[in-house]
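Down below is the structure, laid out as structure tokens.
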Amino acid sequence: MNQLLVQTSWWVPLYSLLGAIITLPWSSGIVRRTGPRPGAYINLLASIVAFIHGGFLFRATWGHSPEFIVINWLSTGDLDLSFVLEISQMSTGAMELITGLSVVAQVYALGYMEKDWSLARFFGLMGFFEAAMSGLAISDSLFLSYALLEMLTLSTYLIVGFWYAQPLVVTAARDAFLTKRVGDILLLMGVVSVGTLAGSFNFADIEVWAGTAELSPMVANFLGLTLIAGPIGKCAQFPLHLWLDEAMEGPNPASLLRNSLVVSCGAYVLIKLSPVVSLSPVAETTLIVVGTMTAIGASLVAIAQIDIKRTLSHSTSAVLGLVFIAVGMQHVDVALLLLLTHAIAKALLFISIGSIILTTSNQNITEMGGLWSKMPATTLAFVVGSAGTIALIPLGNFWAMERWVNGFWSVPWWLLLLLIVFNGLTALNLTRVFCLVFLGQTQPKTRRAPEVPWPMAVPMVSLTIVTLLVPLMLQHWQLLLSWAGPWARNGPDPAVFDLPLVVISGIVGCIVGGVLYLNPNRTEPVKLPWKPLQDLFAYDFYVDKLYRVTVVLAVEQFSRFTAWIDRYFVDGLVNLLGLATVFSGQGLKYTVPGGSQLYVLTILISVALLGLLMSALL
């Protein structure tokens with residue numbers, strides 16, 4: 001039975017893909033009489049089947065060594081492109097997380113997008129989304145993983161641009177696609193280079209090769225930088241982070257998956273490539289620097305936002321910044337634990353704010369207030385999701401921080417300071433949103449705000465329970481370190497106080513946020529004494545304007561120059577030759593008598609002159 005489950009493991013991504021394909025008659029409008037709901041139900045059923053199959057597979061692989069399935073695709077000469085699938089407890093667990101959250105998002109979408117005329121098309125795109133992520137979870141082939149990342153890029157473009165009649169949506173979809181393409185091109189260079197140097201595209205073979213590889217510093221550095229370029233774009237890290245903020249123009253159920261899972265897929269591939277990245281100290285340093293800038297910068301920007309979805313999207317980039325730091329420091333287990341705990345908590349947060357957006361038809365947190373008594377289930381979901389995002393015992397992110405800080409014999413002072421600042425800013429941001437949205441006086445747009453219907457309430461309550469049970473899951477999976485480790489050292493050790501400092505920073509952030517925003521007269525995101533600093537955070541450090549005066553301006557000027565060359569030089573030269581031929585022909589027709597002898601003589605002279613010219617050139 002276990003062997004049968006392993007051999008059919010590749011069916012799990014196929015279920016979602018088939019569901020998306022079967023939905024096409026409803027998505028394209030060929031079938032109109034039944035409405036779009038049958039197509040949505042078919043895709044949801046396919047995801048449920050994938051979740052059940054993945055659950056049996058995860059149970060069958062628990063405690064067993066990984067098994068590999070080789071699918072031969074192309075073999076010619078020295079080129080062998082085979083798709084290898086890794087069936088292990090980690091890969092199947094990641095796939096189960098993807099299918100589970102996808103089912104939650106789709107059930108939630110039945111209520112959130114109930115009146116949308118393109119419901120079937122949305123569910124088809126969600127199935128395409130899920131298929132790419134599920135395949136990426138069990139892929140052991142770098143080539144296949146790159147192809148699946150490209151599927152995710154296409155899916156992001158299509159699902160962000162779902163409401164394509166709105167100009168902002170079209171711009172957001174375009175920017176998301178082009179921004180990811182910048183990193184994907186560099187990543188493709190790294191994929192080809194790794195395949196050539198290692199002689200294989202399989203992650204297992206690449207890891208073995210990296211253990212004994214002897215590369216020159218220049219080759220190792222360029223290889224490492226190209227491999228991390230793609231994940232920087234996928235995970236919305238500085239400077240390729242603006243697309244995630246703009247992608248919030250898409251439907252909220254898609255934002256749920258994008259902020260919890262899609263951005264994590266790039267980090268998942270980066271973790272698998274960590275043996276190669278470790279060959280380059282420059283690449284590791286780049287990961288740490290980029291992650292630090294994003295973790296602190298995005299946390300500051302989030303505090304200055306008034307759009308509730310954009311506030312959470314910036315916090316997503318900040319958490320992924322910590323993952324980049326962990327990979328750069330070769331703390332791969334911490335990176336995986338951060339991805340797991342963040343995915344569940346952030347999905348719950350987006351479910352709760354989606355309920356608020358649908359009920360109030362508003363996303364501006366300064367126009368909300370007093371929702372705690374009107375939407376109790378949504379309030380509880382937001383509180384639990386927020387607690388799971390910061391290092392607050394006993395929820396999931398606390399144990400990720402505990403493993404990082406107390407799980408190693410020494411913690412650099414800058415990392416401890418970074419975690420303290422990050423946790424404090426995150427707590428301040430989420431407390432700010434909670435105070436402005438759920439507490440305070442009722443605003444005109446929140447006077448009539450009933451609780452959401454059951455298609456949205458059931459997944460929200462279910463995910464709330466799952467978030468509370470994450471510590472028990474981690475304990476069962478033995479991902480928690482024993483408290484006896486660092487506390488049992490002989491003699492005083494400053495590291496003993498590291499974790500309490502991180503926890504205290506979260507408590508201080510909650511207190512500061514409550515003091516600042518429980519005042520009913522305060523509506524500003526953050527009131528700083530110096531307005532330029534206030535605007536600096538509110539406008540995302542003016543990165544978009546920096547792009548306009550650098551990259552965009554350079555591309556625009558280069559395009560104008562090439563257009564001028566094409567119009568006046570290339571096209572002008574062709575027109576000149578054409579005009580010369582026309583005028584010479586018109587002139588010759590009046591001087592030629594029409595005798596064939598003269599024509600032959602003219603041809604002979606021309607051929608002779610051409611021969612002399614060629615011989616002179618040679």
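Just so you know, residue 1 is the first one in the sequence shown, and it goes up from there. Just so you know, these numbers use all the heavy atoms, side chains as well, and skip hydrogens, waters and symmetry mates.
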- Under 3.5 Å, is there a donor-acceptor pair linking the side chains of Gln237 and Ser317? no
- Query: Between the side chains of Glu130 and Thr99, does any donor sit under 3.5 Å from an acceptor?
  - Reply: no
- Answer yes or no: are there more than 12 heavy-atom neighbours, outside Arg59 itself, under 6.0 Å from its atom CZ? no
- Message: For a quick check under 3.5 Å, do Trp404 and His331 share a side-chain donor-acceptor pair by atom type?
- Response: yes
- Partners meeting ring pair (Phe, Tyr, Trp, His ring centres under 6.0 Å) with Phe438 (sequence neighbours left out): Phe382, Phe434
- Could you tell me whether a side-chain N or O of Asn397 sits under 3.5 Å from a main-chain N or O of Thr389, the two making a donor and an acceptor? yes
- Item | Test: Glu246 and Arg174 ion pair at under 4.0 Å | no
- Query: Does some side-chain heavy atom of Ile353 sit less than 4.5 Å from a side-chain heavy atom of Phe350?
  - Reply: yes
- Task: Answer yes if the side chains of Ser88 and Ser91 hold a donor-acceptor pair under 3.5 Å, and no otherwise.
- Result: yes
- Query: Side-chain contact, heavy-atom cut-off 4.5 Å: Val170 with Gln166?
  - Reply: no
- Excluding sequence neighbours, so at least two apart, what forms side chain to side chain contact (heavy atoms under 4.5 Å, CB included) with Ala105? Met126, Leu256, Leu257
- Expected output: side-chain Gln363 to main-chain Ile308 donor-acceptor under 3.5 Å: no
Please tabulate, one pair per line, all N/O donor-acceptor pairs under 3.5 Å involving side-chain atoms of residues 454-464, not counting sequence neighbours.
from: Ser462; atom 1: OG; to: Val458; atom 2: O; distance (Å): 2.7
from: Thr464; atom 1: OG1; to: Met460; atom 2: O; distance (Å): 2.7

- Task: Check whether any side-chain N or O of Tyr112 sits under 3.5 Å from a backbone N or O of Val107 as a donor-acceptor pair, and report yes or no.
- Result: no
- Query: Is a side-chain N or O of Lys272 found less than 3.5 angstrom from the main chain of Phe203, in a donor-acceptor match?
  - Reply: no
- Evaluation steps, side chain to side chain donor-acceptor pair (under 3.5 Å), between Gln305 and Thr311: CA-CA 6 Å; Gln305 302 301 308; Thr311 296; over 6 Å; no
- Message: I'd like to know if the side chain of Thr294 reaches the main chain of Phe238, judged simply by a donor and an acceptor atom lying under 3.5 Å from each other, with no hydrogens or angles considered.
- Response: yes
- Item | Verdict with reasoning, Thr359 to Lys374, per side chain to side chain donor-acceptor pair (under 3.5 Å) | CA-CA 11 Å; Thr359 303; Lys374 302 176 184 297; over 6 Å; no
- Task: Answer with yes or no whether the side chains of Thr92 and Glu96 bring together a donor and an acceptor at under 3.5 Å.
- Result: no
- Query: Between Ile138 and Ile69, is any pair of side-chain heavy atoms under 4.5 Å apart?
  - Reply: no
